[in-house]
Amino acid sequence: MKSGSKLERLWEHGQFTVTAQMLLNGVEDEQLIRQTGKSLAGYVDAMMVPDNQKGRVTLSSLAGAALLTQLGQEAVFHLTCRDRNRIALQSDLMGALALGIHNVVCLSGDHPHLGNRPQAKKVYDLDSIQLIALAHQLREQGLRGGEIAGAHACLIGAVENPFADPFEFRVARLAKKFEAGADFVLTQVVFDLERFQRFMERVRDRGLHKKGKIIASLRPVAPAQVRELSREPGMLIPAQVIEQMEASGRREAGVALCQEYLGILRQTEGISGVHIVFEHWEDVACLVKNAGLVPRPEGLSS
Amino acid sequence: MVIAERKPLTDILDKLRPYRSILIAGCGGCMTVGLSGGAREVALMAQEIRLACQALGREIEVFEHMAERQCEPIFLEELIEDIEFVDAVVSLGCGVGVQALAEKFPKTVVLPALDTRFVGMPEKHGVWVERCQACGECIIDQTGGICPIARCSKNLLNGPCGGSQNGWCEVGEGIPCAWSLIYERMARLGEVEKLSSIQAAKNWGKADGPGKVVKGGRSREVGE
Ligand code: SF4
Ligand code: SF4
């Protein structure tokens, strides 16, 4: 075991994991985290807290993950390079462990211009790969000055977007993330299944699914929102999917699509878990239940 | 070269309110080729200020001067006598030019009339684009001669972020994604493999100001 992480234990036991991530709005984040953290107990193995997603100010991901930990939920905090230099990044990695958070997802972060504080000074002292390397070094070698290696027992996550360009380079970047020390990689939410499968083929060709865990993300979205979502940077939703959902018009159409994809992704070689980005926690519960993924395995002793 | 843009005339007039006699100082270097502070721009601004002040009923005397390069104190020597006769100097130099003037003339008010934007080059006539952020340690041998620090919105060193689509940056269409350009160029050069190796964290301390370079000597180094 590299970390005190429940996710790592589950993967070691060959389990297909289920994780979820709420969308924060910067208004009632604390209640949202507490409430969904409680409601999803028993449906997911861990919950992730985003770090000022889209550059919009929300409750700190570290604080959010600490709230979840207090509730007894396994928590993953997202850590972006956008707002912190290497001093603050390392400090937060150390702080997370002190709070009992043993999972981090390292990412570069959406640019401030996209958010609600567009005049903010961007930082990007490190990029996501350099942050992964920093977290890895912290775990494997400890700090300089004689600290014991292993004291920073954190499971290191990353993200990759198979739907961004240049397509050929996305797999190479995934490889770099594993090489830098990532234990798992979350993909961008899947709407274009065909492109995702092409990506996974290349991943398998290079044996990358054996270098770390790859977790496919899904997001149930209401038909009324799908077109707008498709315009967000890094999001690729095929016209056909948008049209089908809009034609159906039913709110459940988004959940139904995720249900279908979940069934396929579970059978896809190299996918070790599913990550559900949600607006309504009920959608997650419904997806997991219908997929026969409950009850979730207990923590499994280490 | 250094690229700058002129401030709005209203801002300049506002700052000139207390002064009755001013000198507009242009620059024969970057500001001339960048069409922001050459002889033509100096004459134009002088005329605009005169007319605006006349319309506002404000009395003002406007002199014009071109320095070969405003950022070099030696080229400011020629102003030593004239400077006595003005209340303020309006600089059409880059930020360095403004400071060179202020340093040379400790008792004279110097006002910037330009906003200095970046180090760049012309893309076509009247359009300039940023190319370098003076990071102190050039690494573009590894990125096909395209700078990811100046041209990637997130200064990424290890490849494109998840927002790169169809060659455009996530910050907005119209901003080419530097990493898309790097990838294409490396592919053409048959060097894509180079992009697979991990670039370690950069020593930003190399360009952390206040900078100073001594020819033949050693610059201040920041180690890890
Ligand atoms: S790597 Fe540094 S010195 Fe080289 S072009 Fe980019 S910013 Fe300028
Ligand atoms: S889209 Fe390209 S240029 Fe823009 S931040 Fe991402 S990698 Fe950099």
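Quick caveat: nothing in here was measured; it's all calculated off a predicted structure. Order of the sequence lines sets the chain letters (A, B, ...), proteins ahead of strands, with each chain counted from 1.
- Atom CD in B:Glu170 sits 11.5 Å away from atom CE in A:Met235 (nearest 0.5 Å).
- Rounding to the nearest 0.5 angstrom, the gap separating the CD atom in A:Gln130 from the CG atom in B:Leu157 is 5.0 Å.
- Between A:Asp165 and B:Pro160, every side-chain heavy-atom pair lies at or beyond the 4.5 Å cut-off.
- In this structure, the portion of A:Asn161 lying under 4.5 Å from any heavy atom of chain B is its side chain and not its backbone.
- Both the backbone and the side chain of A:Asp125 have a heavy atom closer than 4.5 Å to some heavy atom of chain B.
- Residue A:Val159 does not touch chain B at all, counting heavy-atom pairs closer than 4.5 Å.
- Counting non-hydrogen atoms of neighbouring residues, nucleotides and ligands closer than 6.0 angstrom, the CD atom of B:Glu103 reaches no more than 12 such neighbours.
- In this structure, the separation between OG on B:Ser153 and CG on A:Leu114 is 9.0 Å, given to the nearest 0.5 Å.
- Distance check, rounded to the nearest 0.5 Å: OH of A:Tyr124 to CH2 of B:Trp204 gives 12.5 Å.
- Using cut-offs of 30° and 60° for the angle between ring planes, the A:Phe169 and B:Trp179 rings count as parallel.
- The shortest side-chain heavy-atom distance between B:Cys161 and A:His111 does not fall under the 4.5 Å cut-off.
- With a 4.5 Å cut-off on side-chain heavy atoms, A:Glu168 and B:Val192 do not count as touching.
- At a 4.5 Å heavy-atom cutoff, the contact between B:Ala201 and chain A is made by backbone and side-chain atoms alike.
- By the 6.0 Å contact criterion, CG on B:Leu51 is enclosed, its count of non-hydrogen atoms from other residues, nucleotides or ligands being greater than 12.
- For the residue pair A:Arg86 and B:Lys202, the shortest heavy atom distance occurs at NH2-O, 2.6 Å.
- Contact annotation: the side chain of A:Leu236 approaches that of B:Gln165 to within less than 4.5 Å [non-hydrogen atoms, C-beta and beyond].
- Surrounding CZ of B:Arg58 are more than 12 heavy atoms belonging to other residues, nucleotides or ligands, all under 6.0 Å away.
- Judged purely by atom type and a 3.5 angstrom limit, A:Arg82 has no side-chain atom pairing as donor or acceptor with the backbone of B:Lys154.
- Environment of CZ in B:Arg117: sparse, with no more than 12 heavy atoms of neighbouring residues, nucleotides or ligands closer than 6.0 Å.
- Looking only at heavy-atom pairs under 4.5 Å with chain A, the residue among B:Ser196, B:Ser197, B:Ser164, B:Gly163 that has the most is B:Ser164.
- Other residues, nucleotides and ligands contribute only 12 or fewer heavy atoms inside 6.0 Å of the NZ atom of A:Lys210.
- Contacts of A:Ala180 with chain B are made by both backbone and side-chain atoms, with heavy-atom separations under 4.5 Å.
- Rounding to the nearest 0.5 Å places CZ of A:Arg173 at 7.0 Å from CG of B:Asn158.
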Derivation and outcome, side chain to side chain contact (heavy atoms under 4.5 Å, CB included), residues B:Asn155 and A:Lys122: CA-CA 10 Å; B:Asn155 323 129; A:Lys122 63 183 185 187; 4.0 Å; yes

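- Note on A:Ala175, A:Ala172, A:Pro166: by heavy-atom pairs under 4.5 Å with chain B, the leading option is A:Pro166.
- Note that CG of B:Leu156 is 11.0 Å distant from CG of A:Leu126, once rounded to the nearest 0.5 Å.
- For the set A:Ile129, A:Leu107, A:Leu134, the entry with the most heavy-atom pairs within less than 4.5 Å of chain B is A:Ile129.
- Between the side chain of A:Gln188 and the main chain of B:Gly162, no donor-acceptor pair closer than 3.5 Å is present.
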